[in-house]
Amino acid sequence: QVQLVESGGGLVQPGGSLRLSCAASGIFFRISAMGWYRQAPGKQRELVAHITGAGTTSAADSVKGRFTISRDNAKNTVYLQMDRLEHEDTAVYSCTAKPSYNNNEYWGQGTQVTVSS
């Protein structure tokens, strides 16, 4: 059974930082592409950042230079370091896993990030 468990969300002031973690089980993590999505109330879900099994990363223009995605294959965990947070970053953040050996995409339950003074 595949499980993705996010943690690290919370309330932070503008300009602050948070680090999200997503622990994966039930998949061959090192050959799975991992991603972070977010969805704010009334808005469409958007891909925030992505990392391949080989470690190639990409990020949405809205977060480039502020957010960094990384992975630790020894811990089956992907991270999203979020710096210089803005009100507009408030959303539910969810992690996804897409193994290279099947066509499935798995989702975590999401973690709330609220940026407010």
Side-chain angles (χ1 to χ4, degrees):
Q1 181 181 358
V2 178
Q3 279 194 311
L4 301 176
V5 180
E6 299 102 332
S7 60
L11 174 64
V12 63
Q13 291 186 342
S17 298
L18 281 175
R19 188 175 82 154
L20 305 183
S21 300
C22 173
S25 60
I27 57 172
F28 288 105
F29 183 79
R30 66 179 60 244
I31 57 171
S32 297
M34 304 296 294
W36 284 98
Y37 283 79
R38 68 184 179 186
Q39 186 163 24
K43 293 187 177 181
Q44 285 191 325
R45 185 171 61 201
E46 65 169 334
L47 177 62
V48 176
H50 179 267
I51 185 167
T52 67
T56 301
T57 62
S58 61
D61 287 343
S62 59
V63 306
K64 276 181 182 175
R66 300 188 299 120
F67 290 11
T68 303
I69 189 170
S70 62
R71 64 191 297 155
D72 185 336
N73 289 340
K75 295 183 178 180
N76 284 7
T77 300
V78 63
Y79 303 98
L80 185 68
Q81 177 67 41
M82 305 187 294
D83 298 318
R84 305 200 306 277
L85 282 158
E86 303 169 354
H87 290 290
E88 293 73 23
D89 297 318
T90 295
V92 174
Y93 286 71
S94 299
C95 119
T96 68
K98 193 165 186 179
S100 62
Y101 49 86
N102 65 29
N103 290 322
N104 295 334
E105 186 166 28
Y106 303 98
W107 289 79
Q109 83 286 353
T111 186
Q112 177 70 46
V113 170
T114 302
V115 184
S116 176
S117 52

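Count residues from 1 along the sequence. This one's a predicted model, so the numbers in the text were calculated from it and none came from an experiment.
Counting all heavy atoms, side chain and backbone alike, Ser94 lies closest to Gly110 at OG-CA, 3.5 Å. Between Val5 and Gln109, the shortest heavy-atom distance links the atoms CA-OE1, 3.9 Å. Scanning both residues, Ala91 and Ala40, for their nearest heavy atoms gives CB-N, 3.8 Å. Contact detail for Val113 and Gly9: the closest heavy-atom pair is CG2-CA, 4.2 Å. Nearest approach of Asp72 to Phe29, heavy atoms of both residues: O-CE2, 3.9 Å. Between Phe67 and Tyr93, the shortest heavy-atom contact is CE2-OH, 4.0 Å.
With a 4.5 Å cut-off on side-chain heavy atoms, Ser7 and Thr111 do not count as touching. Contact check for Thr90 versus Gln112: side-chain heavy atoms found under the 4.5 Å cut-off. Looking only at side-chain heavy atoms (C-beta outward), Leu20 and Glu6 stay at 4.5 Å or farther from each other. Residues Asp89 and Arg38 are in side-chain contact: their nearest non-hydrogen atoms beyond the backbone lie under 4.5 Å apart.
When the side chains of ILVMFWY residues are joined at heavy-atom separations under 4.5 Å, either directly or via intervening members, Met82 and Val92 end up in two distinct hydrophobic clusters. Linking ILVMFWY residues whenever their side-chain heavy atoms come closer than 4.5 Å, directly or via other members, places Val48 and Val12 in the same cluster.
How far CD1 of Ile27 is from CG of Asn104: 11.0 Å, rounded to the nearest 0.5 Å. Considering CG of Leu4 and OG of Ser25, their distance stands at 7.5 Å, rounded to 0.5 Å. Between atom OG1 of residue Thr56 and atom CD1 of residue Ile69 there is a gap of 11.5 Å, rounded to the nearest 0.5 Å. Note: Met34 CE to Thr96 OG1 = 6.5 Å, rounded to the nearest 0.5 Å.
The main-chain N or O of Phe28 is found under 3.5 Å from a side-chain atom of Tyr101 such that the two form a donor-acceptor pair. A donor-acceptor distance shorter than 3.5 angstrom exists from the side chain of Arg71 to the backbone of Thr52, with no hydrogens or angles considered. In terms of modelled atom types and a separation under 3.5 Å, the side chain of His87 and the main chain of Val115 share a donor-acceptor contact. In this structure, the side chain of Ser100 engages the main chain of Ile31 through a donor-acceptor pair within 3.5 Å.
Looking at residues two or more places apart in sequence or on another chain, you find a ring-ring contact (aromatic ring centres under 6.0 Å, His included) between Tyr37 and Trp107. The side-chain hydrogen bond (donor to acceptor under 3.5 Å, both in side chains) test applied to Lys75 returns no partner, not counting sequence neighbours.
Applying the disulfide bond (SG atoms under 2.5 Å apart) test to residues at least two apart or on different chains, the pairs with a partner in residues 70-117 are Cys22-Cys95.
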Practice item. Using the side-chain contact (heavy atoms from CB on, under 4.5 Å) rule, take Glu88 and Ser62 through it: C-alpha gap first, then chi angles, then the decisive distance, then the call. Key: CA-CA 10 Å; Glu88 293 73 23; Ser62 59; over 6 Å; no
